[in-house]
Asker: 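Starting off with a structure, shown below.
Given the structure is predicted, the values throughout are model-derived calculations rather than measurements. These values consider heavy atoms only, across backbone and side chains, with no hydrogens, waters or symmetry-generated copies. Positions are given from 1 along the sequence.
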Amino acid sequence: MKNIRNFCIIAHIDHGKSTLADRFLELTGTVDKRDMKHGQHLDTMELEQERGITIKLQPVRMDYKGYILNLIDTPGHVDFSYEVSRSLAACEGAILVVDATQGIQAQTLANLYMAMEHDLKIIPVINKIDMPAADPKRVKDEIENMLAIPREEVIEVSAKTGENVEALLEAVIEKVPSPTEGGLQQQQLDIQSDDEAKALIFDSVYDTYRGVVTYVRMVSGIFSKGDKLRFLNAKTEIEISDIGYFRPTYESQKELKPGEVGFIVTGLKSVGEARVGDTLWKGKDASTAKPLPGYKKVIPMVYAGIYCMEGDDYPQLRDAMEKLSLNDAALTYEPNQSQALGSGFRCGFLGLLHMDIVQERLEREYDMDIIVTAPSVSYIIKMKDGQAITISSPTELPDRSSIETIAEPWVKLEIVCPKNMVGDVMKIVQDRRGFHKNITYMDADRTLVLFEMPLATLIIDFYDALKSVSSGYASMNYNFMEYREDQLVKMDILVAGDVVEGLSVMCHKNEAQNLGGSLCKKLKGIIPRANFAIAIQAAIGGKIIARETISAYRKDVTAGLYGGDVTRKNKLLKKQKKGKKRMKQMGNVSLPQDAFQAILKKD
C-alpha cells in the first residue's frame, strides 16, 4: 500500500478540473493521445461535454514511476455535494484548482472545507496561467489570506498546454500520504480482523448487461471474484461476478487489495439497492460488523411534477423514468394525477441543476415531449391535534382550519462577489426574505458575504438575478440549515374558473398580493386567446386576491348587413353573445409549457 496515492480534484465549475485530469491521463500513458477524441475525457455524458461541467464522478487508475495513482474526478456543483463528500472520504489527498483569471469562488470554498473535515492533504494549484487575463500573484494572495496556505506551496500550471503538470504529479506522490498513513485505513486499524474485509461505496452506476456496478475504495481485507458480500446498511447480499480497476474503462482483475480503488459488479437491478456511502463487507459474523462512518440516505430538496404533452405517451414516460432512476439513486418519483395536466409523476431532485439534467435527459435520450411544473420545496405541517406531516407539493396542504403552523427549509448562503457589488447583492437577498449575517474581505477587491434565506425563494430565479446584478462575477454556494416556522399560505391559480394544480404555490402571507398579481399578468401574456374570454385569478382559500382577463376573439357578425333596421344588427350580436356564453361553459383552455415556467421569473 505504500506506493498507492488516492486523490481527487476539487474546483469551482469551469476552473479546468476535467482538462487537468486529461493531462494526467496523457502524461501517465493511461490513454493514448490519439484516443483523446474530445476534451474532458472523463466527462462521458453528452450533457457534460456540452455544458463543460462534471455531473457524474469518474475514477481512473494511473501508473507513474512505480506508483499507483487513483484519481477520482468529482462533480463541482452544490447539488451533488453528498457524492463529493463520499469521494473525499475515499481519498487521502486533494488537488485544489483555482482559476488564475477568476480567483477563489464560493463552491471552491465549500468543497475545500469538506476536504479539510476529512483531514485530506491539500495541494493548491493555480490553473490557466497561459491566459492573457491571468493574475497568479493576486490569486496567491487570496489563497494565503483566505485559506492560510503559504504562497510557496502553490503550484502554477496550465492544464491546456500541460505546463508544470508533471511537477504537480510529483507533488502528489511526495505530499499525499499512502493509505497506511491515514484516512479510512487508519480508522480501521483497531477493529479489523484477519477474516474481515470492508470497502466504501463512493458511487454506483447501472449497466444494461451487467446490472449495478459499484465503485469502491478498499479499506481492509481482500475481495476476490466469486466472494459473497453484504451491504451493511441496506442488508442486501450479493456475489461478485466481476471485479477490477478503472483505466478509465473497466479492466477485470482477480482481486482488490487494501487501499485500492476499483469496481465490483453486483448483479443488482437498481442503484437504489447499492447507495453511495454504504459499506460492502465480507466476514463470518454480520451481527458484529460495523459499517464505515458517514452513510446517509440522500433526501431530495426540490420537487416538481413531470407530465406528458400527450396523454397517450404516459406508458413511455413511465418506462423512461424507470430506466433513468436505475442510474440515478437521488431521483425519487411517484405517480401523480392532475386535473389540468393528466397522468404524470411527482419527482424529487437534489436541486435545480439536477432537475434540469433529468428534464434534458428525458427529452434527449428518451425522446419525450414533457411539461415540468414550477419547482417547490418540502414543508413540515404541524396539525392542531399535535401530528406533524411533511408535504412536497402545495396541493397536498391539509385544510387550513386544522393547521397549527407551517415550517419551511432555510439555507446558509455564501456569496463571493466584487466589493462594489455587495449592496446590490444584499438587496436581491433581502427581496427574497433573506438577511445578512457576516462579511469577510478576501482581498482589496473581493468579498465573501454570508446570508440566511428560505430555500423556496432561492430556487425560483435567484441565481439568474445574482449573475445579472454582478455582471456574472458573483458565485454562490448554499447548505441546508433547518426548518423554520413562518406565516405561509397556499396561493391557487384559477384559469377559466378551474384550479390549475401545477401553478399552486406556497408563499409568505405578506408577499401573496404582489406575487398573485405578477403571476396573473405573466399568464395573460402566455396563454393563447380563445373564442371566449378567459379569467385568470389568484386565490387564497375562497378569497380572490388578483385577476386578469384574456379577451375573446370576436368575429364581425354584422359585416354582411347592408341596411335595414338596427334590430337586425342587435339580433345577430345577441346571438353571438349567447354562443360565446355557451362556449365558455364548454371550452377548454390549452396551457403551454411556458405557463408553468412563468413562476420561475420574478419581476
Asker: I'd like to know if the side chain of Ser376 reaches the main chain of Ser392, judged simply by a donor and an acceptor atom lying under 3.5 Å from each other, with no hydrogens or angles considered.
Answerer: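 Yes: the side chain of Ser376 pairs with the backbone of Ser392.
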Asker: Picking from His508, Arg433, Arg484, what satisfies side-chain hydrogen bond (donor to acceptor under 3.5 Å, both in side chains) with Glu408?
Answerer: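 Testing Glu408 for a side-chain hydrogen bond (donor to acceptor under 3.5 Å, both in side chains) against His508, Arg433, Arg484 leaves exactly one candidate, Arg433.
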Asker: Quick check: closest heavy atoms across Val489 and Ala512, and the distance to 0.1 Å?
Answerer: CG2-CB, 4.4 Å
Asker: So Tyr303 and Val377, do their side chains get closer than 4.5 Å, heavy atoms only?
Answerer: no
Asker: Between Lys437 and Glu452, is there a donor-acceptor pair closer than 3.5 Å when you use the side chain of the first and the backbone of the second?
Answerer: no
Asker: Does the side chain of Asn477 reach to within under 4.5 Å of the side chain of Leu413, using non-hydrogen atoms?
Answerer: no
Asker: In a table with atom names and distances, give each donor-acceptor pair under 3.5 Å that connects a side chain of residues 383-391 to protein atoms at least two apart or in another chain.
Answerer:
unit_1, atom_1, unit_2, atom_2, d
Lys384, NZ, Ser401, O, 2.9
Asp385, OD1, Gln387, N, 3.0

Asker: Is there a side-chain hydrogen bond (donor to acceptor under 3.5 Å, both in side chains) between Tyr366 and Asp319 once you walk through the steps?
Answerer: CA-CA 9 Å; Tyr366 302 99; Asp319 293 344; over 6 Å; no
Asker: What is the minimum heavy-atom distance between Val302 and Gly351, and which atoms define it?
Answerer: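 Minimum heavy-atom contact is CG2-CA, 3.9 Å.
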Asker: Using a strict threshold of under 4.0 Å (side-chain N to carboxylate O), is an ion pair present between Lys419 and Asp445?
Answerer: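 No, Asp445 and Lys419 are not salt-bridged.
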Asker: Determine whether Val411 and Met453 make a side-chain contact, defined as any pair of heavy atoms from C-beta on separated by less than 4.5 Å.
Answerer: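 Heavy-atom side-chain distance check passes, below 4.5 Å.
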Asker: Should the pair Lys509-Asp486 be classified as a salt bridge under the 4.0 Å nitrogen-to-oxygen rule?
Answerer: no
Asker: Can you find a pair of side-chain heavy atoms, one from Leu317 and one from Tyr307, that are under 4.5 Å apart?
Answerer: no
Asker: Does Ala274 offer a backbone N or O that forms a donor-acceptor pair with the side chain of Ser204 under 3.5 Å?
Answerer: yes
Asker: Do the charged groups of Lys490 and Glu396 touch, with an N to O distance under 4.0 Å?
Answerer: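 Salt bridge: no.
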Asker: Do the non-hydrogen side-chain atoms of Phe462 and Val429 ever get within less than 4.5 Å of each other?
Answerer: yes
Asker: Got a sec, which residues hit side-chain hydrogen bond (donor to acceptor under 3.5 Å, both in side chains) with Glu334, two or more places apart in sequence or on another chain?
Answerer: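 None.
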Asker: Taking Arg346 for its side chain and Ile306 for its backbone only, find out whether a donor-acceptor pair lies under 3.5 Å.
Answerer: no
Asker: Below 30° counts as parallel, above 60° as perpendicular, anything between as tilted: where do the rings of Phe345 and Tyr314 land?
Answerer: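 Parallel: the ring planes of Phe345 and Tyr314 meet at under 30°.
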Asker: Search all heavy atoms of Lys269 against all heavy atoms of Tyr206 and return the closest pair with its distance.
Answerer: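 For Lys269 versus Tyr206, the nearest heavy atoms are O-CE1, 3.5 Å.
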Asker: Can you find a pair of side-chain heavy atoms, one from Ile371 and one from Met309, that are under 4.5 Å apart?
Answerer: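 Sidechains of Met309 and Ile371: in contact.
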